[in-house]
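Right, one structure below, let's go through it.
Proteins get letters first, then strands, A, B, ... in listed order; numbering begins at 1 in each.
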There are 2 protein chains.
Amino acid sequence: MTTIIDVARLAGVSKTTVSRVINNYPHISPDKKNQVLQAMEQLGFTPNPSARRLRGQLATTIAVVVPKIVNPFFSYLVDAIEQVGYRSGYQTLICQTNEDKEKELSYLNLLRTKQADGIIMTSIENDWAQIEPYTEFGPIVLCNEYINKPDVPMIRVDQYQGTYIGVKHLIERGHRKIAYCTGGLFTEFGKDKDRNRGYQKALEEAGIPVNPAWILVDKHTIGDGKQVMQLLMEMKDRPTAVFAGSDEIAGGLMMAAKRAGLRIPDDLAIIGFDDQPIAEVLDPGLTTIRQPIARMGKKAGEILLAMLNEPSQGPAVYELPVELIIREST
Amino acid sequence: MTTIIDVARLAGVSKTTVSRVINNYPHISPDKKNQVLQAMEQLGFTPNPSARRLRGQLATTIAVVVPKIVNPFFSYLVDAIEQVGYRSGYQTLICQTNEDKEKELSYLNLLRTKQADGIIMTSIENDWAQIEPYTEFGPIVLCNEYINKPDVPMIRVDQYQGTYIGVKHLIERGHRKIAYCTGGLFTEFGKDKDRNRGYQKALEEAGIPVNPAWILVDKHTIGDGKQVMQLLMEMKDRPTAVFAGSDEIAGGLMMAAKRAGLRIPDDLAIIGFDDQPIAEVLDPGLTTIRQPIARMGKKAGEILLAMLNEPSQGPAVYELPVELIIREST
DNA sequence: CAATGAATTGAAACCAGTTTCAATCATTTT
DNA sequence: AAAATGATTGAAACTGGTTTCAATTCATTG
C-alpha cells in the first residue's frame with residue numbers, strides 16, 4: 001500500500017501539503033502542486049478512504065434499503081439511484097430487509113457507524129419512531145414508501161390516485177364486482193392505506209358497496225397471484241374484475257385464470273400496478289398503472305446528495321404523477 | 001458518537017482492555033470483561049468500522065459486480081449472495097457496470113482501497129489481464145461468467161451443455177431450421193463461446209449445417225427479442241425454432257411472434273434460458289434451460305467468505321448442473 | 001523603510017480503533 | 001524460599017489520512 005507519506009517523500013514536501021493537493025485547497029504554489037501530482041501519478045496513489053472517513057472528511061457511500069431486490073420494481077429503483085450516485089462518486093450499498101424489522105434496523109446502523117453517509121428507504125418495516133433517531137447521524141430519504149410526517153424528505157407517487165383511476169377504469173368498463181389485492185397490510189398511514197382509500201372512493205362514487213371478501217392483502221409475487229385466483233374461483237359470488245397491487249400479482253392471476261378456462265378480459269378483467277416489462281409480454285397485454293420508477297429513483301438520489309452537500313437543506317416532499325396504461329386485459 | 005474511550009472510562013479500564021473484549025481476546029479476567037460488556041451495553045456502543053479497518057482488522061464488505069441489476073438473472077444472483085453475506089456479518093455493495101470497462105475497473109479499485117474485502121464478478125468487461133493485478137489486494141471470485149484460467153476461483157454452469165440439450169430438444173421435436181440469439185459477442189473463451197459450441201455441436205450431430213444468418217448476438221432484453229422477431233419475419237428462409245439466450249429475449253420473441261399471427265409452438269418453437277419467473281407466466285409456458293441461480297450465488301458467497309477467512313484456500317472451480325424445463329413453447 | 005497582511009508551508013495533534021511491549025501479579029516448579 | 005512461568009493489564013506506538021496552529025516568506029501600503 002502506498003501512503004501519503006510515500007508521496008510526500010518522493011515529492012519532497014510534507015504530508016500536509018500532499019493532503020492539501022488531494023483536497024484541492026487554495027494557496028499551494030503551482031510548483032509544489034505539480035511535484036505532488038507527479039509523485040501521486042508515479043506511485044499510483046489512491047488515498048485510503050477509511051483514513052479519510054475516520055477524520056470525518058470523506059462521504060462516498062449511500063445505502064438503499066429495499067425489501068427484496070428480486071422484485072423488479074425495486075431493482076429498477078436501485079438502478080436509477082445507483083446511476084445518480086455513481087456520477088457523483090458515490091458507491092451504492094444494497095440493503096435487503098426481506099421485510100425483517102431487525103435487519104432494517106441493523107442497516108440503519110450503517111449511518112451511525114459512518115459506513116453509509118445517507119440512506120434511501122424504499123420500504124419501511126419499523127415504526128417511524130424507531131427510525132427517526134437515526135436521522136441524527138445522516139439524512140434519510142423516503143422513496144416510494146411514505147409516512148405522514150411533513151418534515152421527512154420523501155419522493156412519492158399519488159397512490160390514492162393510482163388505485164382510484166384504475167378502479168374507475170374498471171367501473172367504466174361496466175364492472176361492479178371488483179376484487180382488490182395488494183402488498184401491504186393496512187397501516188394507519190402511507191402507501192397501502194392510500195391505495196385502499198382510492199379503491200373505496202372509486203367504488204363509493206359509483207354507488208358500489210365494498211365486499212370485504214374481495215379484499216386480499218399481503219400479496220406480492222406471481223405465486224401469490226396464482227393462489228388468489230384459486231381463492232376467487234372457489235367463491236360462490238365471484239368478482240368480474242381484479243385490481244392487482246403489482247404486475248407480478250397480475251401475471252399470476254392471469255396465468256391461473258387462463259388455466260381455469262377464463263377468457264380475459266371477457267370473463268375476468270385484470271389490472272396491474274407499476275408497468276413493468278412483464279406487463280407488455282403478458283397475453284393479453286396488461287392494463288396497468290404506470291409509476292415513473294426511474295424518475296423516482298433519480299429524484300431520491302438527487303435529494304439525498306443535495307442533503308449531503310448542503311446539510312441545511314430543508315426537507316421536501318415530491319409527488320410524481322401516475323398514469324393509466326390501457327392494454328388488452330380490461 | 002460514543003467511542004472506545006467513553007466505554008473504558010465508564011468501565012474503569014484502559015481502552016486496550018475494551019479493545020480486547022471487543023475482539024474476544026483471551027486472558028481477560030471475567031470481572032473486567034463483564035464491566036466492559038455492561039458499559040458497552042449501557043452506552044449503546046458500536047465500534048467505528050473505519051477505525052478498525054484502518055488498522056487492518058475489520059472485513060465487512062463484499063462487492064458484487066453485475067452488468068445490470070434490472071436483469072432478473074443478476075438480481076436473483078445478488079439476492080443469494082447478499083443473504084450469505086448478511087449471515088456472516090458482511091455488507092453487500094452493488095456494482096453495476098452497465099457493460100462499461102472503465103466503470104468495472106473503478107469498482108475493482110474498491111479492493112485496493114480496502115472498501116471491499118472481496119469481489120464477486122458475475123460479468124467481465126475487461127480482459128482478465130487487466131483484472132488479475134487486483135487479486136493482489138483481495139480475493140476475486142467469478143460467478144456465472146468464466147474464463148480459461150484454472151487458478152481463478154469460479155462458480156459456473158455448463159453453458160455448453162445448456163445450449164446443447166436445448167438445441168437437441170428442438171431437433172428431437174423435428175426442427176431443422178433453428179435460429180440462435182444470445183447476449184454476448186463471441187469471445188475467445190468463456191460463457192458465450194461455450195454456448196455457441198453447444199449450438200454448433202447439436203446441429204452437427206444431426207447433420208444440420210449452420211446458417212450464419214440465423215445467429216444473432218448482443219441481444220439481452222425483451223425489446224431485443226421483439227426486434228429479432230422482426231428480422232426473422234423479413235427473412236425469405238425463415239427458421240421454425242429459436243433458441244434464445246435468456247427468458248427475456250424469449251418473451252419478446254414470443255410476444256412479437258404472436259402479434260404477427262404465428263402460433264407457438266406450431267409455427268415457431270421458442271426455447272429460453274434461465275427459467276425465470278417470467279417463463280412460467282408466458283403463454284404458452286416457456287420451455288427453457290434452468291440455471292440454479294440461487295445455488296450459484298450461495299456457492300460464490302461461501303467461496304469468497306472462505307477465502308477471506310482462510311487466505312491459504314486454494315482456488316476452486318465449481319460446476320453446477322443445468323436442466324431442461326419443458327413447457328408448451330416447444 | 002517599517003508595518004501590515006496575505007500566501008505558503010510544515011510540525012504536531014487528531015480521528016477511533018488495534019497491536020506491541022513492558023510491568024505487575026498470581027501460580028507453579030525446583 | 002527463590003526462581004520460573006503464565007495470566008492480566010495499561011502506556012504508548014501505530015494505522016493513513018485531515019486539521020489546527022504557528023512560522024516563514026513575500027508583496028503591498030502608509
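Under 4.0 angstrom from either OP1 or OP2 of dC15(C) there lies no side-chain N or O belonging to Asn48(B). In this model, the phosphate group of dG10(D) is approached by a side-chain N or O of Ser14(B) to a distance below 4.0 Å at OP1 or OP2. For Thr3(B), no side-chain nitrogen or oxygen approaches OP1 or OP2 of dA16(C) to under 4.0 Å. The shortest distance between the side-chain N/O atoms of Arg55(B) and the OP1/OP2 oxygens of dC14(D) is not below 4.0 Å. For dT9(C), neither phosphate oxygen OP1 nor OP2 lies less than 4.0 angstrom from any side-chain nitrogen or oxygen of Tyr25(A).
In this entry the distance linking NZ of Lys15(B) with P of dG10(D) reads 13 Å, nearest Å. Rounded to whole Å, atom P of dA11(C) lies 11 Å from atom CD1 of Ile5(A). We find that CD1 of Ile22(A) is positioned 7 Å from P of dG17(D), with the value rounded to whole Å. A straight line from CD1 of Ile4(A) to P of dG10(C) spans 12 Å, rounded to a whole angstrom. The interatomic distance linking Arg53(A) (CZ) with dG17(C) (C1') rounds to 15 Å, in whole Å. Atom-to-atom, NE2 of His27(B) to C1' of dA26(C) comes out at 14 Å; the value is rounded to the nearest Å. The distance from atom CZ of Arg9(A) to atom P of dG17(D) is 13 Å, rounded to the nearest whole Å. What separates CZ of Arg20(B) from P of dG17(C) is a distance of 16 Å, to the nearest Å.
Nearest-nucleotide mapping onto DNA chain C: of Ala51(A) and Val13(A), the residue sitting toward the 5' end is Val13(A). When each of Thr17(B) and Pro47(A) is assigned the nucleotide of DNA chain D bearing its nearest heavy atom, the one mapping closer to the 5' terminus is Thr17(B).
For Lys32(A), the listed nucleotide lying nearest its side chain is dT9(C); candidates were dT9(D), dT9(C), dG17(D).
For the residue pair Asn48(A)/Arg53(A), the side-chain donor-acceptor check at 3.5 Å is not satisfied.
A donor-acceptor contact under 3.5 angstrom links the side-chain atoms of Thr16(B) to the base of dA11(D). Between the side chain of Ser29(A) and the base of dA7(C) there is no donor-acceptor pair of N/O atoms closer than 3.5 Å.
Counting non-hydrogen atoms under 4.0 angstrom, Val18(B) reaches nothing in the nucleic acid.
Glu319(A) has a carboxylate O that lies under 4.0 Å from a charged side-chain N of Arg156(A), or vice versa, which qualifies the two as a salt bridge.
Contact detail for Ser106(B) and Lys103(B): the closest heavy-atom pair is OG-O, 2.9 Å.
The neighbour count for Gln38(A) CD, taken as heavy atoms of other residues, nucleotides or ligands under 6.0 Å away, does not exceed 12. Within 6.0 Å of NZ in Lys68(A) there are more than 12 heavy atoms belonging to other residues, nucleotides or ligands.
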